[in-house]
Amino acid sequence: MEERRVVRPSTSTPCRPSYPLNKLRLASSLQTKALLSSAAKQRTVFSLTRIARPPSVGCPLQPTMTRAGGRSPLAPRRTLPATVVDDTVAAAAILLDKWHPDEDSFGSSLFLDSTPDEVDAFLRAAKDLHRAMLFYASGAATAADALHAGGHGLIHAQELLDTAMRRLQRELQLLLTSLPAVLHFRQDDDDDDEQEDDQSLVDACAHLRVVAEAMMAAGYGKECVSIFKARRRAAVTANLQRLHGFSLSPQHAQVHKFSWEQVDAKIQSWLAGARVAFTSVFSAERELCDRVFVGDNEGVGDAVFGAIADDHATNILAVAEAAVGRSRRAPERLFRVLDVHDALTETILPAIVSAFGEKSEVTSRAATLVTTKVSEAVRSMVASFEAAIEKEPSKGTVPGGAVHPLTRYVMNYLSFLADYENALAHIYFYQQGVGAGGDQFTDTSSLASGSMASSSDLSSSSSSSPALSVWSNPIGWLVHVLLRKLDAKAGSYREPALSYLFLANNTHYVAKKVGGGTKLERVLGEEWAEAQRAKARGYVDVYVRAAWGSKVLRGGAVEEAVVQMVAMQEKWVAADDEMGEALRAAAKEAVVPMYRLFYRRQGAVARLTPGDVITMIDGLFGGRNAGAGDENVAAGGRRRPSQQQQQQQEVPVEIRNGKTRRQRVTITD
């Protein structure tokens with residue numbers, strides 16, 4: 001008969017403790033699944049062993065008898081790899097005793113106070129412990145190895161690995177504490193004397209990277225990220241608060257309660273602090289994360305940086321949003337808002353894209369601030385400025401046809417506005433495309449690159465007045481609105497000659513403000529400035545015909561007409577010396593030849609010589625010998641001014657003629 005083997009279950013209690021699944025710390029989810037599967041297999045092995053072959057570790061062997069009286073084979077011996085793993089774990093335990101995290105009372109650092117060889121040995125020990133855990137829990141171990149692992153090997157390796165990781169957590173804290181308060185990674189164009197500090201920072205980053213890689217590989221990534229994030233977030237918060245006055249408190253919520261003077265001061269502080277925050281603090285933090293979390297951990301670095309910096313960046317942008325909203329519809333605040341626009345487009349937004357990425361929420365918020373909130377505020381303020389020009393009373397004139405205060409204010413305003421030609425080009429020239437339904441101008445990459453329209457884009461549409469609009473050229477359009485208002489004011493003068501003198505003075509002032517290589521000329525174009533100068537000369541010619549031609553140039557009582565016209569124009573003023581000289585030259589060219597003809601015919605009865613007429617005209621519009629002709633007429637003769645009269649003429653005009661002359665000087669200044 002066939003011999004049959006009877007297996008008798010052992011009555012002895014096995015020495016193997018329960019399998020410690022709850023203590024396993026594994027590197028990744030894939031390893032976790034594999035080890036769990038292996039653990040399930042080992043449970044099967046252990047249960048079969050308890051029935052067929054009792055454990056041999058720490059318990060007396062009870063060989064199973066066959067029906068023929070033979071003995072079953074003994075349990076297999078442990079393999080050589082298991083012995084090597086045991087030795088490796090034992091060596092790691094010795095090294096961990098030296099750097100045990102609970103027994104180091106002197107606060108020494110493995111990375112900062114020991115040798116590189118000892119650091120390498122510690123990191124190798126941590127890796128060996130993790131590999132030992134994988135070996136004990138894998139199917140590569142024999143039954144005897146599995147019994148050993150189930151007994152104490154896996155537990156011991158896991159406990160040692162946990163000790164090593166707690167040591168690395170402490171090292172991570174020490175290394176983060178050793179970093180400088182202000183991180184600065186040397187660029188290619190930095191000075192060489194900063195190289196030593198940068199090298200120490202580079203070394204610290206290298207140590208942090210090694211610690212992070214070791215902890216992530218051993219399955220302690222959560223602890224690593226938590227420590228790194230907490231320490232660096234506190235450092236960034238302190239840095240922003242100490243250097244730039246920024247904090248995580250909702251500062252923007254208080255802006256609406258401030259006066260404009262407080263808001264203006266807040267914006268100026270923001271302009272200085274935000275530039276440094278985004279180009280230095282956040283960019284350095286991004287560099288630190290990139291150097292610590294590399295390779296497979298790059299995604300972890302992105303998440304860590306976002307957790308550190310996103311809230312701060314959003315709060316800084318919120319301050320600008322609130323301040324810009326507080327500035328709307330006030331033309332005098334336009335320049336501060338344009339400063340915010342330039343800071344965002346030229347410096348801050350490129351730094352945000354570089355540090356946070358094009359698709360981040362911070363980048364999206366900054367781009368919205370530029371393309372929507374700041375741009376809308378600028379257009380609103382320009383519209384308010386245009387409305388203020390239009391609302392100026394047309395009947396409000398100035399004495400003597402001088403340059404109107406509105407002209408001076410508007411042109412000075414536009415001269416400052418020309419400094420922001422690129423910002424205006426972006427807001428108006430590009431936003432016109434957005435308003436038409438295009439979205440190519442809202443791309444954050446184009447905003448971050450600082451690619452904007454040049455002044456030629458603004459001036460290209462200003463050469464032809466019919467096509468001029470606030471969308472094509474806001475500065476040119478505002479000048480057009482001003483000139484249109486000046487035409488309306490000129491009609492309020494009773495004297496036609498004074499009306500044209502007013503237009504000549506104001507047009508000349510506008511042309512002078514635009515010409516001469518100024519920024520306004522770069523915006524509006526040299527041809528536009530020359531056209532305004534020609535227009536001013538045309539007004540001068542019309543003024544001469546209106547002032548002198550009606551009486552003097554048409555014959556009759558020439559001498560009386562000259563005296564009357566000089567007396568009438570004595571209080572009329574010129575925009576500046578250049579305009580005064582042009583007015584006098586035009587008047588002499590029109591009057592003197594006619595008077596000479598009159599003088600040759602009726603010289604015997606004439607009281608004034610042609611030289612007297614020239615002197616009288618030269619005294620107009622703030623010219624030399626002012627008033628000399630009147631004195632000669634009053635004397636009734638052809639006398640030339642005496643030496644005493646000559647000295648009196650050299651006295652400042654405000655002393656001789658009082659308030660009227662003083663007003664003239666004030667206007668021409």
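Counting begins at 1 with the first residue of the sequence.
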**Asked** Hey, which of T507, T407, V481, V410 is the one that makes side chain to side chain contact (heavy atoms under 4.5 Å, CB included) with L486?
**Response** T407
**Asked** Is it the case that H404 and N505 place a side-chain donor and acceptor less than 3.5 Å from each other?
**Response** no
**Item:** Pair E589 + R545, salt bridge at N-O below 4.0 Å
**Value:** no
**Asked** For the side chain of R596 and the backbone of V592, is there at least one donor-acceptor N/O pair under 3.5 Å apart?
**Response** no
**Axial cation check for W260 ring with R333, 6.0 Å and 45° limits** = yes
**Complete:** Shortest non-hydrogen pair, N506 vs A402, comes out as ND2-O, 3.3 Å
**Complete:** Closest non-hydrogen contact found for A511 with R533 is CB-CG, 3.6 Å
**Request:** Keeping the roles fixed (side chain from S380, backbone from E376), state whether a donor-acceptor pair exists under 3.5 Å.
**Result:** no
**Request:** Find the distance between NZ (K588) and CZ (R584) and round it off to the nearest 0.5 Å.
**Result:** 7.5 Å
**Request:** Measure across A330 and M381 and return the closest heavy-atom pair with its distance rounded to 0.1 Å.
**Result:** O-SD, 3.1 Å
**Minimum-distance pair of heavy atoms, taken over all atoms of I348 and F278** = CG2-CD1, 3.5 Å
**Heavy-atom closest contact (A351 atom, T279 atom, distance)** = CB-CG2, 3.9 Å
**Message:** Salt bridge check, E392 against K485: does any charged N sit closer than 4.0 Å to a carboxylate O?
**Reply:** no
**Asked** Looking only at heavy atoms, which two atoms of V403 and A575 are closest? And how far apart?
**Response** CG2-CB, 3.6 Å
**Item:** Short side-chain donor-acceptor distance under 3.5 Å, Y599 and E559
**Value:** no
**Request:** Would you check if there is a donor-acceptor pair between the side chains of Y420 and D339 at a distance under 3.5 Å?
**Result:** yes
**Request:** Please check if the side chain of S492 supplies one atom and the backbone of S394 the other of a donor-acceptor pair under 3.5 Å.
**Result:** yes
**Asked** How about F335: does its CZ atom have over 12 heavy atoms from other parts shown lying under 6.0 Å from it?
**Response** yes
**Asked** Do the side-chain N and O atoms of T615 and D612 include a donor-acceptor pair separated by under 3.5 angstrom?
**Response** no
**Request:** Answer yes or no on whether R408 is positioned over the face of Y509, meaning its NZ or CZ is under 6.0 Å from the six-membered ring centre and within 45° of the axis.
**Result:** yes
**Asked** Would N412 and K513 count as having a side-chain donor-acceptor pair, cut-off 3.5 Å?
**Response** yes
**Request:** Kindly say whether the aromatic ring centers of F502 and Y543 come within a distance under 6.0 Å.
**Result:** no
**Request:** Answer yes or no: are there more than 12 heavy-atom neighbours, outside E390 itself, under 6.0 Å from its atom CD?
**Result:** yes
**Item:** salt bridge (Lys or Arg N to Asp or Glu O under 4.0 Å) evaluation trace for R522 with E421
**Value:** CA-CA 9 Å; R522 190 172 65 211; E421 55 174 324; 2.6 Å; yes
